[in-house]
2 protein chains.
Amino acid sequence: MATDRRRAILEGAARVIARRGVRGLRMEELAAEAGVSTALIYYHFKDRAGILRHTLEFISDRADRYTSDVEDAAGPSDAREELEQSLLLEFQDVPEVRENSTAWGELRASAIFEPELRGDLARATLAWIHDVADLLSCVRPTTPAPALTASAERLTGLLEGLSTRWLSGALPLTHARELVREAISVEIETLSD
Amino acid sequence: MATDRRRAILEGAARVIARRGVRGLRMEELAAEAGVSTALIYYHFKDRAGILRHTLEFISDRADRYTSDVEDAAGPSDAREELEQSLLLEFQDVPEVRENSTAWGELRASAIFEPELRGDLARATLAWIHDVADLLSCVRPTTPAPALTASAERLTGLLEGLSTRWLSGALPLTHARELVREAISVEIETLSD
DNA sequence: TGTCGCAGACTGAAAATTCAGTCAATAGTG
DNA sequence: CACTATTGACTGAATTTTCAGTCTGCGACA
């Protein structure tokens with residue numbers, strides 16, 4: 001398959017971004033990481049901004065995949081459990097997860113200064129909020145949709161905030177997980193009104 | 001006064017950082033923004049890292065100032081109100097606030113890749129969490145301290161997450177403010193158990 | 001008259017991007 | 001089947017751009 005090297009570049013980009021940040025991504029380092037020439041990067045992705053955009057897409061696809069993996073594996077567990085699992089997925093000390101979270105956070109932060117990234121980012125965020133709202137509706141089926149969405153926005157927003165704290169070493173993993181679990185309780189309890 | 005231009009450089013730096021990020025700060029752009037030559041920047045602040053350090057200091061002094069301004073001005077309003085005010089401070093479309101939030105977010109994001117920054121950041125975060133926990137204890141005086149701290153950690157974490165979304169154009173200001181107000185309600189209600 | 005505050009042109013290094021082609025595979029053709 | 005035309009993937013070696021930091025000197029004024 002000819003998409004081999006292309007994919008290698010995207011995987012390499014995720015790794016380099018997780019290691020150095022978006023701003024620290026050097027084409028030469030990326031080329032070395034992916035085991036290709038710098039020119040090939042330009043062949044596949046017009047320019048630096050191009051790789052950034054495609055890497056963002058790549059990362060959010062990958063995250064979707066491992067999210068749904070767990071969903072399937074969970075089997076007949078209850079909805080509340082599934083929600084918790086899904087949100088806690090982000091807080092694991094596994095290279096792939098850490099890499100994804102770091103890169104996601106970086107891309108999100110870069111979007112503040114690079115409007116071209118905003119479109120993809122907004123789409124991915126919206127989809128995520130929607131997924132979480134769906135899970136919430138399984139837990140509290142009678143809640144009106146707007147309330148579910150607001151809850152999902154708060155939960156995902158919190159996740160992003162805590163994730164950055166975790167990655168910057170300000171928040172131990174177990175504590176982050178605990179805060180997320182409590183936040184879920186808090187949200188679910190108020191949804192029952 | 002000879003500190004005129006020096007100050008102009010710091011103010012310009014705050015503006016440029018808000019526009020381009022810490023990582024996007026270019027000496028030439030800063031010079032233009034402040035209406036001085038690039039050489040003058042080096043004259044007053046040894047090097048790039050020097051301006052960054054001084055600008056961050058400049059910005060956090062400014063933030064302290066306007067935080068306490070509002071606290072004083074509030075007068076004899078109730079504790080709940082004060083908490084809300086204090087947390088919503090971060091979400092205003094005023095250049096100064098935007099500059100501050102941006103710089104804070106940048107700093108937080110950079111800390112992931114630059115461990116030297118972590119110390120100051122951790123201290124500032126802890127102080128913030130503590131302040132919020134104090135405000136919460138005014139609202140719900142009978143709550144045990146650990147529960148207050150956890151609530152404060154969630155609220156401040158959420159704030160950071162939403163702030164990034166706001167700055168990256170993914171979340172309109174009014175909606176952000178609404179989510180924060182709701183989050184406060186949700187947290188306060190569960191503290192009464 | 002020396003030194004402080006300052007500007008504009010400049011430099012060297014690092015990084016992004018392009019160029020000019022090679023190579024391997026595939027398709028058409030007599 | 002032999003051949004050649006074409007194309008997509010790929011590279012090493014430039015070229016161009018970007019940027020932090022420096023050099024030279026000038027005017028004000030103590």
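This structure is a prediction, so every number in the text was calculated from the model and none was measured. Here is how names work: the chains are called A, B, and so on, in the same order as the sequence lines, proteins then strands, and each is numbered from 1.
Between Thr38(A) and Gly35(B), it is Gly35(B) whose nearest contact on DNA chain C lies nearer the 5' terminus. Between Arg48(A) and Glu28(B), the one whose closest nucleotide on DNA chain C sits nearer the 5' end is Glu28(B).
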> Yes or no on side chain to side chain donor-acceptor pair (under 3.5 Å) for Arg165(A) and Thr156(B), after CA distance, side-chain angles and deciding distance?
Replying inline: CA-CA 11 Å; Arg165(A) 282 193 190 168; Thr156(B) 55; 3.0 Å; yes

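Counting only distance, with no hydrogens or angles, the side chain of His175(B) and the backbone of Leu171(B) share no donor-acceptor pair below 3.5 Å. One N or O on the side chain of Arg140(B) and one on the backbone of Ile188(B) form a donor-acceptor pair closer than 3.5 Å.
Ile9(B) places its CD1 atom 11 Å from the C1' atom of dG5(C), with the value rounded to the nearest Å. Taking atom CZ of Arg6(A) as the reference point, atom C1' of dG8(D) lies 14 Å away to the nearest angstrom. Going from atom CD1 of Ile41(A) over to atom P of dC10(D) covers 12 Å, rounded to whole Å. If you measure from atom CG of Asp4(B) to atom P of dC4(C), you get 19 Å, rounded to the nearest angstrom. For the pair Met27(A) CE and dG12(D) P, the interatomic distance rounds to 16 Å; values are reported in whole Å. Between the C1' atom of dA14(C) and the CD atom of Glu29(A) lies a distance of 14 Å, rounded to the nearest Å. In this structure, Tyr42(B) places its OH atom 9 Å from C1' of dT22(D), rounding to the nearest Å.
Nearest nucleotide to the Arg26(A) side chain, out of dG21(D), dT18(C), dA16(C): dA16(C). Looking at the side chain of Tyr43(A), the nearest of the listed nucleotides dC6(C), dT17(C), dG8(D) is dG8(D). Checking dC6(C), dT22(D), dA13(D) against every side-chain atom of Leu40(B), the shortest atom distance belongs to dC6(C). Which of dG8(C), dT17(C), dC10(D) sits closest to the side chain of Ser37(B) comes down to dG8(C). Between dG21(D), dA7(C), dT17(C), one nucleotide has an atom nearer to the side chain of Ala39(B) than all others, and that is dA7(C). Proximity note for Val36(B) (side chain, C-beta onward) versus dA20(D), dA7(C), dG21(D): the nearest is dA7(C).
Leu30(A) comes within 4.0 angstrom of nothing in the nucleic acid, heavy atoms only.
In this model, the phosphate group of dC10(D) is approached by a side-chain N or O of Arg5(A) to a distance below 4.0 Å at OP1 or OP2. A sub-4.0 Å separation between OP1 or OP2 of dG8(D) and a side-chain N or O of His44(A) is absent.
Within a 6.0 Å radius of CZ in Arg7(B), other residues, nucleotides and ligands contribute 12 heavy atoms or fewer.
If you run salt bridge (Lys or Arg N to Asp or Glu O under 4.0 Å) between Glu33(A) and each of Arg26(A), Arg20(A), Arg15(A), only Arg15(A) comes through.
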